[in-house]
Amino acid sequence: MINTPFNLSQKKPLLLVVDDQPGNIQILYGIFKDECEVCMATNGADAIEFCRNRQPDLVLLDVVMPEIGGYEVCERLKADPLTEHIPLIFVTAQNEPAEEAYGFEKGGVDFITKPFHANVVKARVRTHLTLKYQSDLLRTLSLTDGLTGIPNRRQFDQVIQNEWQHCMRAKQSIAVIMIDVDFFKFYNDHYGHQAGDQCLVAVAAALKSKVTRSNDLLARYGGEEFAVILPSTPLSGAEQKARQLEQVVRDLKLPHEKSTSASVVTISLGVAVTVPVKGQGYASLIAQADGQLYVAKQSGRGKMRSIQVCSGDSSTEQFKP
Ligand code: GH3
Ligand code: MG
Ligand code: MG
């Protein structure tokens with residue numbers, strides 16, 4: 001097998017073959033069964049459902065099918081944010097340039113003509129799987145923090161935007177926890193920058209072990225700052241989570257001789273919760289959580305402070321020992 005980047009990845013690529021003629025599916029299955037996980041659909045509706053559920057790496061899509069034809073399947077997949085990034089190759093008995101141009105216009109990445117020539121089909125599929133692997137990798141890297149391996153600020157911004165809208169529609173509360181490592185400048189000065197980096201890696205891993213619900217997100221927000229998004233979570237739940245996060249970092253027992261508030265590395269946390277309403281942006285929620293983080297720092301560090309932000313202006317601060 002040629003060593004293309006896609007087959008350097010751990011998993012076999014997932015290929016969906018869509019054709020109303022089982023004979024065509026069999027031929028393509030025979031060509032790709034060794035290097036791909038091949039799944040099949042015999043109509044457009046099933047193909048769309050499969051793509052929404054399993055996000056294949058590439059779809060080989062018959063143009064002429066009863067009910068929903070290939071071009072319409074393509075159009076629908078491109079209109080859905082869940083499936084818009086999946087590349088599609090049209091499979092057709094026609095090889096008119098006008099037909100090909102139409103397919104590209106609809107969002108296909110390539111054409112394969114029947115009857116199949118196995119080596120040509122293989123080469124085209126490999127090219128597009130390689131491109132898909134590279135664009136996935138780029139997307140993952142651009143959304144991940146290089147030091148700690150957790151989501152970065154860019155991913156945080158994307159997720160909070162989506163969750164904010166979702167919670168507004170569902171009339172549910174959303175919580176943000178801003179986290180800052182205490183006396184971290186002293187830590188670096190005393191133990192060195194590399195030890196500082198290792199400390200951030202350990203803190204990130206500890207925090208991650210407590211942020212486990214599928215829609216919750218932990219991100220590195222900046223230097224020694226982290227942030228958590230908790231959709232559909234009321235104040236009490238967010239405070240409970242913040243206390244767990246404070247404890248899990250304290251339990252790492254990373255010595256910090258230069259901290260004036262504890263003998264180990266600790267974090268301070270600011271929590272803000274609200275039910276989003278139209279006309280209000282999420283930036284104010286982050287600012288409120290930051291405000292609470294500042295209060296937590298002022299009250300001695302290694303602490304959590306929280307606020308319920310009401311729609312309108314009146315907010316209720318929660319003061320705790
Ligand atoms: P406070 O308790 O008020 O938060 O004090 P602090 O010293 O933690 O806060 P300050 O903002 O003064 O210092 C943050 C330090 O974090 C300074 C900066 O050099 C360090 N830092 C930021 N990013 C990194 C990083 O990626 N690696 C390391 N080793 N240090 C970092
Ligand atoms: Mg800071
Ligand atoms: Mg700090």
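Just so you know, ligand 1 is whichever comes first in the structure, and atom 1 is the first atom listed for that ligand. Worth saying up front: this structure is predicted, and the values here are computed from it rather than measured.
- Set against the non-hydrogen atoms of Val181, the atoms of ligand 1 under 4.0 Å away are 4 (O), 8 (O).
- Closest approach between the Mg ion (ligand 2) and any N/O/S atom of Asp180 involves OD2.
- Side-chain atoms of Tyr71 and Glu99 include a donor-acceptor pair closer than 3.5 Å.
- Lys258 does not count as a contact of ligand 1, since none of its heavy atoms falls under 4.0 Å from the ligand.
- Remark: ligand 1 atoms within the under-4.0 Å shell around heavy atoms of Gly223 are 22 (C), 23 (N).
- Among all protein heavy atoms, the one lying closest to atom 3 (O) of ligand 1 is Arg301 NH2, 3.0 Å.
- Contact check for Thr42 versus Ile25: side-chain heavy atoms found under the 4.5 Å cut-off.
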- Task: Verify salt bridge (charged side-chain N to carboxylate O under 4.0 Å, His left out) between Lys297 and Asp182, making sure each step is shown before the conclusion.
- Result: CA-CA 8 Å; Lys297 289 276 183 195; Asp182 296 322; 2.7 Å; yes

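- When only interatomic distances are considered, the shortest N/O to N/O separation between Leu200 and ligand 1 does not fall below 3.5 Å.
- Checking side-chain atoms of Arg220 against main-chain N and O of Thr148 turns up no donor-acceptor pair under 3.5 Å.
- The protein heavy-atom contact nearest to atom 28 (C) of ligand 1 is Asp197 OD1, 3.3 Å.
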- Task: Quick one: do Asp189 and Lys258 satisfy salt bridge (charged side-chain N to carboxylate O under 4.0 Å, His left out)? Show the steps, please.
- Result: CA-CA 9 Å; Asp189 292 348; Lys258 297 295 170 186; over 6 Å; no

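- Classified by interplanar angle (parallel below 30°, tilted 30° to 60°, perpendicular above 60°), the ring pair Tyr187/Phe184 is parallel.
- Taking atom 5 (O) of ligand 1 as the reference point, the nearest protein heavy-atom neighbour is Phe183 N, 3.5 Å.
- The contact set between ligand 1 and Asp180, taken as ligand atoms under 4.0 Å from a residue heavy atom, comprises 4 (O).
- For the pair Val265/Val181, a side-chain contact is recorded, criterion being any heavy-atom separation below 4.5 Å from C-beta on.
- Ring to ring, Phe104 and Phe90 are not that close: their centroids are 6.0 angstrom or more apart.
- Distance from atom 18 (C) of ligand 1 to its nearest protein heavy atom, with residue and atom name: Asn188 ND2, 4.1 Å.
- Residue Lys297: no N/O/S atom is found under 2.8 Å from the Mg ion (ligand 3).
- Among protein heavy atoms, atom 26 (O) of ligand 1 sits closest to Arg220 NH2, 2.7 Å.
- The single protein non-hydrogen atom nearest to atom 7 (O) of ligand 1 is Lys185 N, 2.8 Å, given as residue, atom name and distance.
- Between the OE2 atom of Glu224 and the OE2 atom of Glu225, the angle centred on the Mg ion (ligand 2) amounts to 100° when rounded to 10°.
- There is a side-chain donor-acceptor pair under 3.5 Å between Asp19 and Asn24.
- The nearest heavy-atom contact from the protein to atom 6 (P) of ligand 1 is Phe184 N, 3.4 Å.
- Annotation: Leu147 places no N or O atom under 3.5 Å from an N or O atom of ligand 1; distance criterion only.
- The contact set between ligand 1 and Gly196, taken as ligand atoms under 4.0 Å from a residue heavy atom, comprises 29 (N).
- The closest heavy-atom contact to atom 11 (O) of ligand 1, among the options Glu225, Gln194, Glu224, Lys297, comes from Glu224.
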- Query: Where do Lys241 and Asp216 land on the salt bridge (charged side-chain N to carboxylate O under 4.0 Å, His left out) test, with the steps shown first?
  - Reply: CA-CA 11 Å; Lys241 183 54 68 186; Asp216 294 351; 5.8 Å; no

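- Looking at Leu200 and Glu224, their side chains come closer than 4.5 Å, going by heavy atoms from C-beta outward.
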